[in-house]
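Numbering of residues begins at 1 and proceeds along the displayed sequence.
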Amino acid sequence: MSRKTTLQLATATALAALTLGTSIAEAAGVLSIGRREDSTTFDPIATAQNIDFWVFMNVFDVLVRVDKTGTKLEPGLAESWTISDDGLTYTMTLRDAKFSDGSPITAEDVIYSLTRLRDDELSLWSDGYKIIESMDGPDDRTVVITLSSPSAPFLSTLAMPGASIISKAGMEEMGEEAYAADPVASGAFTVADWIRGDRVILEKNPNFWQADRVQLDGVEWISIPDDNTRMLNVQAGQIDAAIFVPFSRVEQLQQDPELTVHLEPSTREDALLINHANEPLGNKEVRQALDFAINKQEVIDAVTFGIGEVANSYVPKGALYYYPDNLLRPHDPEKAKALLEEAGVSDLSLDYLVKAGDEVDEQIAVLLQRQLSEAGVEVNIQKVDASQQWDMVVDGQFDLAVGYWTNDILDPDQKTTFVLGNDTNMNYMTRYDAPEVAQMVADARIEMDAGKREEMYVELQKQAKKDVNWIDLYYSPFINVSRKNIENFYQNPLGRFFLEDTVKN
C-alpha cells in the first residue's frame, strides 16, 4: 500500500526544477535535511539506529515524551497516569487522538505495540520490557500495565522510540514488511514516499492530535553520504539543513552569514567496538592492551578540533549516575606490548571497518592504525558504504569499528541493558558475554532506592572498564547547521528533532 500525495507531486516538481539549477530547498513549507545514511526501517521495534529513530520520532508518538531540555518526562499520547503504591501498576489515560488514516488510537493499539516490543522475535529491545507481566484495556482510553516487580526506569522506557505506538489494524492488514516501509503514523508527519538510497519524504499529518502546532508542510530527509558534499549543499542553499557536521567545518560554517551552526548538548559517546567473538579479542588482557595503545586526547585534538572530551565511561558525562572518577587508562604503548606478550599474542592483525565518506570515521581510523602499530598491532582499514558497514558489524564481519550511541531515555538502564546486560543485540554487536554483569544490570533495574541504585551503576561502570566491553573514545555535542531562514531547528540531548516546531520562512 502506497499513499501517493500532493506532497509527492510537489516534490517531483522540485526535483525536476533542481536539474534546471533551482534548489529543492526553495520548495515552500518543505524542510530538506541532509544526512549520511538512508533509513533502514519504520518498524519501531526492529532498529537501534539513530538514522531511523531521528526520523520516526516525528512519524510516531509515544505514551510519554522527553521534553526539549532532555531532562524531564511529559505527557504524550497518555495525557495522564497514576502509579500504584507498590510500584507495580501503571494506569495510563489516553488522550483523544487519531492515526494518520483517521482511525482512533485506542488501548488496543497501545497494548499491541508494547506486546510486540516485548515478545516479537524482531524486537531488539525485548529484554527491557520483559518486566511487563500483563496489560489490560478496560476501555478504549485506559491502559493498565502490571509489572512483575517494581522498576525504577519503567516510565522512562515508555518514552523510548522503540515504544512508539503503531496501528494494530494497519500492521495486521499490511504485514510487518509492508508496514515497516509505509506505516500508519501516530505522530506529526506521515511517510509520503521512501526512495531507497535517496530520501524519505514526509508530509504533515492532519490527524495528529497537535496538528495546529506543526508549521511545516513536509520534511525531506536526504541521504548525502559524503560530508563535504553535504556541507557544500547547505552552503549553496540546495538543502535547508544538514546534520553530522564534521568538526573540521564548524569554524568555517560559523563565519557564513547565511548559516546557523547548532552545537547542542548531547548524550553522544563515540567508542571503538571490539568483536569479542574473534580471537584473541575474547581475551580481556588483549582488549586492555588495545585500550592502553590508544591516545584518546590525540584523537580529540586532531579529529574533533578540541570540541570533544575524553570519555571514561559508557554512561555519558552529565547523564544520571555518571561516575566521573572511573578508570581512564593512560596512553602507554609499552604497557600494551607487555600485556600482549603476557597473553601470548604476537603478530596481531585486525580488520577495521570504516564508513567511506565519513570524514571523522576515516580520520580516526588512520590515527588508531598508527597508534596501534606502535604497540605492534597491524590494522587493516576496510572502507565500505555506510549502510553496508552497519550490516557487516551486525553480522560480525569485523574486528574493530567505531560506533556511537546517544541515549534514548533519561534513565541509564536502557544503554546499560543494551551494551552490558543482554544478548538480544549481542551487546551492541561486540559479542560481550558476562552473565554476572547481566545479572548486575537486572538487579539495578529493580532497585528502587536511588542511593543504592547509584552505587550499582558505579560498579557497572567500573566493571565495563575492567572488562573493556568496548573502548571509550570521546563525548561530543550534536553539531548541525541550518540556513538563516529556518527557525526552531532543534535537537534535544537524546537526539529528538522537534520538527513540529520548526518554521521555514
>> Using side-chain hydrogen bond (donor to acceptor under 3.5 Å, both in side chains), reason through Ser32 and Asp240 one step at a time and then give a plain yes or no.
In response: CA-CA 5 Å; Ser32 55; Asp240 296 313; 3.2 Å; yes
Hits for side-chain hydrogen bond (donor to acceptor under 3.5 Å, both in side chains) against Asp472, two or more places apart or cross-chain, chain-then-number order -> Lys465, Trp470
### Phe497 and Trp54 aromatic ring geometry - parallel, tilted or perpendicular at 30°/60° bounds
perpendicular
_salt bridge (Lys or Arg N to Asp or Glu O under 4.0 Å) for Glu108 and Lys168? Distances and angles first, verdict last._
CA-CA 7 Å; Glu108 185 178 27; Lys168 178 176 185 289; 3.6 Å; yes
d(Asn485 CG, Lys504 NZ) to nearest 0.5 Å is 6.5 Å
Heavy-atom neighbours of Glu177 CD exceed 12 at 6.0 Å:
no
The residue among Trp194, Phe60, Tyr179 that forms ring-ring contact (aromatic ring centres under 6.0 Å, His included) with Phe42 is Trp194
*Spell out, as yes or no, whether a donor-acceptor pair under 3.5 Å connects the side chain of Arg431 to the backbone of Met429.*
yes
So ring pair (Phe, Tyr, Trp, His ring centres under 6.0 Å) across residues 429-457, not counting sequence neighbours, yields His276-Tyr432, Tyr321-Tyr457
Walk me through whether Asn505 and Glu487 qualify under side-chain hydrogen bond (donor to acceptor under 3.5 Å, both in side chains). CA-CA 8 Å; Asn505 296 312; Glu487 297 180 10; 2.7 Å; yes
Worksheet item: Crowded around Lys68 NZ? As in, over 12 foreign heavy atoms under 6.0 Å?
Response: yes
Review point. Centres of the Trp221 and Phe189 rings: under 6.0 Å?
Key: no
In terms of heavy-atom contacts, Asp86 and Pro150 come closest through O-CG, 3.6 Å
Fill in: Test of ring centre spacing under 6.0 Å for Phe154 and Trp81
no
Tyr474 and Phe247 aromatic ring geometry - parallel, tilted or perpendicular at 30°/60° bounds: perpendicular
Residue set satisfying side-chain hydrogen bond (donor to acceptor under 3.5 Å, both in side chains) with Tyr322, at least two apart, ordered chain then number -> Asn312
Task: Check against side-chain hydrogen bond (donor to acceptor under 3.5 Å, both in side chains), Thr41 and Asp43 - done: CA-CA 6 Å; Thr41 183; Asp43 188 340; 5.4 Å; no
- request: In sequence, state the C-alpha distance, the side-chain angles, and the governing distance for Gln414 and Asp408, and then conclude on side-chain hydrogen bond (donor to acceptor under 3.5 Å, both in side chains).
  value: CA-CA 8 Å; Gln414 181 214 22; Asp408 300 304; 2.8 Å; yes
Separation between OG (Ser156) and CG (Asp413), nearest 0.5 Å, reads 9.0 Å
Here the gap from Tyr475 atom OH to Thr267 atom OG1, rounded to the nearest 0.5 Å, amounts to 11.0 Å
CG (Leu202) and OG1 (Thr190) are apart, to the nearest 0.5 Å, by 7.0 Å
dist Ile131:CD1 -> Ile145:CD1 (nearest 0.5 Å) comes out at 12.0 Å
